[in-house]
Amino acid sequence: MRLTDLAKGWLDLPQPAGGLEATGIACDSRAVRPGDLFVAVSGDKSDGHRFIADALRAGAVAVVGERKPEAAPLRVPFIQVPDSRMALGRLSAAFFRHPSRDVSVTGITGTKGKTTTAWLLASIFEAAGRKAALFGTILNRIGDEILPAQNTTPGALELESHLRRLADLGGTHAVMEVSSHVIVQNRIAGIEFRCGIFTNIAPEHLDYHGTMENYLDAKVTFFEKLGVEAIAVLPRKEPSSTVIARRTTARVVWYGPEPEGGVRDIENTDAGLSFRWRGRPIRCRMWGEHNLQNILAAVEAAAALGFDGDAIA
């Protein structure tokens, strides 16, 4: 793909790079193949800028990075960007033909409940007969194909590749866990989310974020970036939801066990949970208030995405 097409609408290319063709994108110098565009990303453990020379020896035709190497002049165009991770996400989305425009993607963020809620929502997609993908802590799955999970959320290149594969296979929906680290590091840049779900926030990960204010702000940032046609699914009982609701332009959908949500006759026993939602009986072998919240998050998100109430139940 021509670099001008990858950068169209958001990045000014230096003149020598304009007509170049990239046969692939890599952010690991060990994965570079001849004809690839190499994106130098500064990570927590290593800095991709240190491996630009290795990428060039492997056949990279251009380099994207935040700063030029000082040791020697480059033999290929260098495209300077303020944030390499952001650039990697956008370049990956363009290279894989913006798969999140062909697949409805839901992101779930919060301290607890992400994994459970993601699996519940994926099961609703499948109960409705849709081919769907699940990306999370335990595994990544595209339809029936299971892939090992290295992180809570895969990197931008991997995500966009998986979403394109799902779309090409006729898939329609994907759900992924979105950690606060991923949000801050712009590892989901380029994905156009149709729906975002917030579960809760508790004092964890402060070794990374420093303060609860910073931690919450990371979550809020995810919802601020949702489009006006997207959906923000928020818990009524979580005080932080009001902050998110004020700062998102997405349509807000509330969830929780309160009667205004159409929830009645809740029974929480050793056998599991049962209740009525909008007049339909729902039963689940999980139990506890926390799982009731997770179930209702998945149920309301699915309803907002247009799924049939019987399939949801």
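- With ring centers used as reference points, Tyr215 lies 6.0 Å or more from His181.
- Judged purely by distance below 3.5 Å, without hydrogens or angles, the side chains of Glu177 and Thr137 pair a donor atom with an acceptor atom.
- Checked options Val253, Thr106, Val233; the residue passing with Leu305 is Thr106 (criterion: side-chain contact (heavy atoms from CB on, under 4.5 Å)).
- For the pair Arg285 and Leu273, the minimum side-chain heavy-atom distance is 4.5 Å or more.
- Glu224 is not listed as a side-chain neighbour of Thr248, based on a closest heavy-atom distance of 4.5 Å or more.
- Using a cut-off of 4.0 Å between Lys/Arg side-chain N and Asp/Glu carboxylate O, Asp36 and Arg33 are scored as not salt-bridged.
- Between Trp277 and Glu300, the side chains place a donor N or O and an acceptor N or O closer than 3.5 Å (distance only, hydrogens not considered).
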> Going through the distances and angles, do Lys131 and Asp144 end up as a salt bridge (charged side-chain N to carboxylate O under 4.0 Å, His left out)?
Replying inline: CA-CA 9 Å; Lys131 183 183 288 290; Asp144 295 327; 5.9 Å; no
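- Formation of a donor-acceptor pair under 3.5 Å by the Ser100 side chain with backbone atoms of Glu192 is found in this model.
- Among all heavy-atom pairs drawn from Ala133 and Leu166, the shortest one is CB-CD2, 3.6 Å.
- Looking at heavy atoms from C-beta onward, Pro69 lies out of side-chain contact with His49 at the 4.5 angstrom threshold.
- Judged by distance alone, the side chain of Ser92 and the main-chain N or O of Leu88 form a donor-acceptor pair under 3.5 Å.
- Panel note: side chain Arg264, backbone Gly279; no donor-acceptor pair is recorded below 3.5 Å.
- Inter-residue side-chain proximity for Ile266 and Leu292 is flagged as met; some heavy-atom pair is nearer than 4.5 Å.
- The CD atom of Glu289 lies 10.0 Å from the CG atom of Asn294; values are rounded to the nearest 0.5 Å.
- Distance alone, capped at 3.5 Å, places no donor-acceptor pair between the Ser180 side chain and the Lys219 backbone.
- Phe222 and Phe193 have their aromatic ring centers within a separation under 6.0 angstrom.
- Separation of atoms CD (Glu238) and CG (Asn200) is listed at 6.0 Å; rounding is to 0.5 Å.
- In this structure a side-chain-to-backbone donor-acceptor pair under 3.5 Å is missing from Asp5 to Met1.
- Tracing side-chain contacts under 4.5 Å through hydrophobic residues (I, L, V, M, F, W, Y), one never reaches Leu163 starting from Met86; they form parts of separate clusters.
- A salt bridge does not link Arg90 to Asp83: none of the charged nitrogens lies less than 4.0 Å from a carboxylate oxygen.
- In this structure, CZ in Arg97 is found 4.0 Å from CZ in Arg164, a value given to the nearest 0.5 Å.
- Considering only heavy atoms from C-beta on, Pro257 comes within 4.5 Å of Lys237 through its side chain.
- Clustering ILVMFWY residues whenever any of their side-chain heavy atoms sit less than 4.5 angstrom apart, transitively, puts Val39 in a cluster other than the one holding Phe51.
- In this structure the side chain of Thr221 reaches within 4.5 angstrom of the side chain of Lys225, judged on heavy atoms.
- Between Phe198 and Phe223, the ring planes lie perpendicular to each other; the angle is over 60°, past the 30° to 60° tilted range.
- A heavy-atom distance below 4.5 Å is not found between the side chains of Val263 and Glu258.
- Between Glu229 and Arg194 no salt bridge is recorded (no basic side-chain N to carboxylate O distance below 4.0 Å).
- Contact record, Ala55 with Ser29: N-CB, 4.0 Å, taken as the closest heavy-atom pair.
- Going from atom CG of Asp28 over to atom CG of Leu157 covers 10.5 Å, rounded to the nearest 0.5 Å.
- Salt bridge annotation for Arg141-Glu126: present, with a cationic side-chain nitrogen under 4.0 angstrom from a carboxylate oxygen.
- Taking the side chain as every heavy atom from C-beta outward, Arg130 and Ile124 never approach each other to under 4.5 Å.
- Nearest heavy-atom pair, Gly256 versus Arg236, reported as atom, atom and distance to 0.1 Å: N-NH1, 3.3 Å.
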